[in-house]
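In what follows, a structure is listed as structure tokens, so that the remarks can point back to it.
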Amino acid sequence: MRYGAFMRMNKFAHVLLVFATVFITMQISTLDTAEAGKYPRIRADAGNDFKVSENKEVKLDGSESRGGFEKFVDFEWELVRINGTKVQNDNEPFEINNADKSRASFIAPEVVSGEATYEFKLTVRDEIDREDDDTVMVHVMNQQLPVGPT
């Protein structure tokens with residue numbers, strides 16, 4: 001084999017290697033987008049806002065959440081605001097039972113007077129790590145009867 005023919009072949013191999021590298025990089029970078037495009041959009045549904053009495057069990061229901069062809073692998077309920085004020089994760093006033101399920105519950109705390117508004121966020125994730133969230137407002141009503149004349 002002549003040296004000139006070897007150089008032309010070597011140059012061709014270099015061009016082929018560059019082309020293959022660019023092609024593979026493009027395929028990898030679009031893989032996540034292509035994979036996510038196969039499935040319909042997921043949708044978290046925390047339900048409608050509602051009112052409850054203090055000291056009663058409150059049921060949060062995210063069972064109407066929808067996810068394409070895949071099932072949800074994670075549900076997460078969290079208290080995010082009380083009367084419009086953001087709640088710190090380490091300062092929650094009560095425990096949410098089954099906070100990792102589509103249906104969760106808690107005991108409504110006592111309200112000094114009138115009502116208190118608790119905002120809960122439901123986050124859902126599917127098997128390919130897509131997520132969506134929704135919120136629901138729970139208005140806890142004080143049940144103390146007014147004291148009349150004796």
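Hydrogens, waters and symmetry mates play no part in the numbers below; they use all other heavy atoms, side chains included.
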Checklist entry - Would you say Glu110 has more than 12 foreign heavy atoms packed within less than 6.0 Å of its CD? => result no

Checklist entry - Closest heavy-atom contact between Ala108 and Ser53? => result CB-O, 3.6 Å

Next on the checklist: I'd like to check the salt bridge (charged side-chain N to carboxylate O under 4.0 Å, His left out) partners of Lys59; sequence neighbours left out, ordered by chain and number.
Outcome noted: none

Checklist entry - Does one hydrophobic cluster hold both Met141 and Ile107, with members joined at side-chain heavy-atom distances below 4.5 Å? => result no

Checklist entry - Is any NZ, NE, NH1 or NH2 atom of the basic residue among Arg43 and Glu64 found under 4.0 Å from an Asp or Glu carboxylate oxygen of the other? => result no

Item to check | Shortest non-hydrogen contact from Asp134 toward Gly47 | outcome: OD2-N, 4.2 Å

Checklist entry - Side chains of Ile82 and Pro93: closer than 4.5 Å at any heavy-atom pair? => result yes

Checklist entry - Is atom CG of Asn48 surrounded by more than 12 heavy atoms (other residues, nucleotides or ligands) closer than 6.0 Å? => result no

Item to check | Aromatic ring pairing Phe120/Phe94, orientation class (parallel under 30°, perpendicular over 60°, tilted between) | outcome: tilted

Next on the checklist: Under 3.5 Å, is there a donor on one side chain and an acceptor on the other for Thr85 and Asn83?
Outcome noted: no

Checklist entry - Of the non-hydrogen atoms in Val138 and Val58, which two are nearest, and what is the gap between them? => result CG1-CG1, 4.1 Å

Checklist entry - What heavy-atom pair brings Ala104 and Asn98 nearest, and what distance separates the two atoms? => result CB-O, 3.5 Å

Checklist entry - Is it true that atom CD of Glu95 has more than 12 heavy atoms of other residues, nucleotides or ligands lying nearer than 6.0 Å? => result no

